[in-house]
Amino acid sequence: MGSDRKRAAPQASPDRRQARADERDRKAHLRALAADDRERKADLRAGAADERDRKADLRAGAADERDRKADLRADAADERDRKADLRADAADERDRKADIRALAADERDRKADIRALAADERDRELLSDSATARLQARLETMPVIEQAKGIVMGQEGCGPEEAFDLLRRASQRSNVPIRELAVLIVARSTGNGAGPTAVTIPLTTHDP
């Protein structure tokens, strides 16, 4: 009885079968087109991702280049700082040596001042001694000269100034120091000049 129903079912016409086949082909073609579109979009997305990666690589490369240049600049700055430190150390060393030389010069000046003060003190002592010696000699010679002046004043009848002038001119003529001349005059006057050392002393108010 079942086989009878199958036989009773109407057979599809060739046109309908073809139409269904065409529909299946169209849908398959659409699915293929959709798949191709998906693949195209996937390729586009992959290309965009690759482009993003390429740009990222470029940016990373540029960043690396910037970092490299920054490192070079930092190294150059460090080198400049090192050289500046060396120059500063050299300048400090020069200043230190200059200070040492200045201290040595100050010490030399101080010692020179001390020597100069000592020399001044010695000069003052010498001058004092010389002045004292001159004063002592004058004090020692004054009495005999005064005695000689008195003798001349008595002989020539003149004043003290003229008597001293006569003694001075007689000293020049005879080339005998005035003190020695005075001693000779006093010795002759007192009678102590009669020995071999006695000399004739020309005393006159007129030059020869």
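One is the number of the first residue; the rest follow in order along the sequence.
Between Glu146 and Lys149 a salt bridge is recorded (basic side-chain N to carboxylate O distance below 4.0 Å). Using a cutoff of 4.0 Å between basic side-chain nitrogens and carboxylate oxygens, Arg26 and Asp22 are not scored as salt-bridged.
Rounding to the nearest 0.5 Å places CG of Asp109 at 11.0 Å from CD1 of Ile114. Taking OG of Ser189 as the start and CD of Gln147 as the end, the distance is 9.0 Å to the nearest 0.5 Å. Note that CG of Leu33 is 10.5 Å distant from CZ of Arg38, once rounded to the nearest 0.5 Å. The CG atom of Asp165 sits 4.5 Å away from atom CZ of Arg168, with the distance rounded to the nearest 0.5 Å. In this structure, CG on Leu44 lies 12.0 Å from CD on Glu39, to the nearest 0.5 angstrom.
A continuous path of Ile, Leu, Val, Met, Phe, Trp and Tyr side chains, each step under 4.5 Å between heavy atoms, connects Ile178 with Leu166, placing both in one hydrophobic cluster. In the hydrophobic clustering of ILVMFWY residues, with side-chain heavy atoms under 4.5 Å counting as a link, Val176 and Ile151 come out together.
Taking the side chain as every heavy atom from C-beta outward, Phe164 and Val152 never approach each other to under 4.5 Å. A 4.5 Å side-chain heavy-atom check between Leu181 and Ile145 finds every atom pair outside the cut-off.
For Ser171 (side chain) and Leu167 (main-chain N/O), no donor-acceptor pair under 3.5 Å exists by modelled atom type.
The side chain to side chain donor-acceptor pair (under 3.5 Å) check on Lys41 picks up Asp37, with sequence neighbours excluded. Judged as a salt bridge (Lys or Arg N to Asp or Glu O under 4.0 Å), and not counting sequence neighbours, Arg108 has no contacts.
Sorted by first then second residue, the side chain to side chain donor-acceptor pair (under 3.5 Å) pairs that include residues 82-92, not counting sequence neighbours, are Glu79-Arg82.
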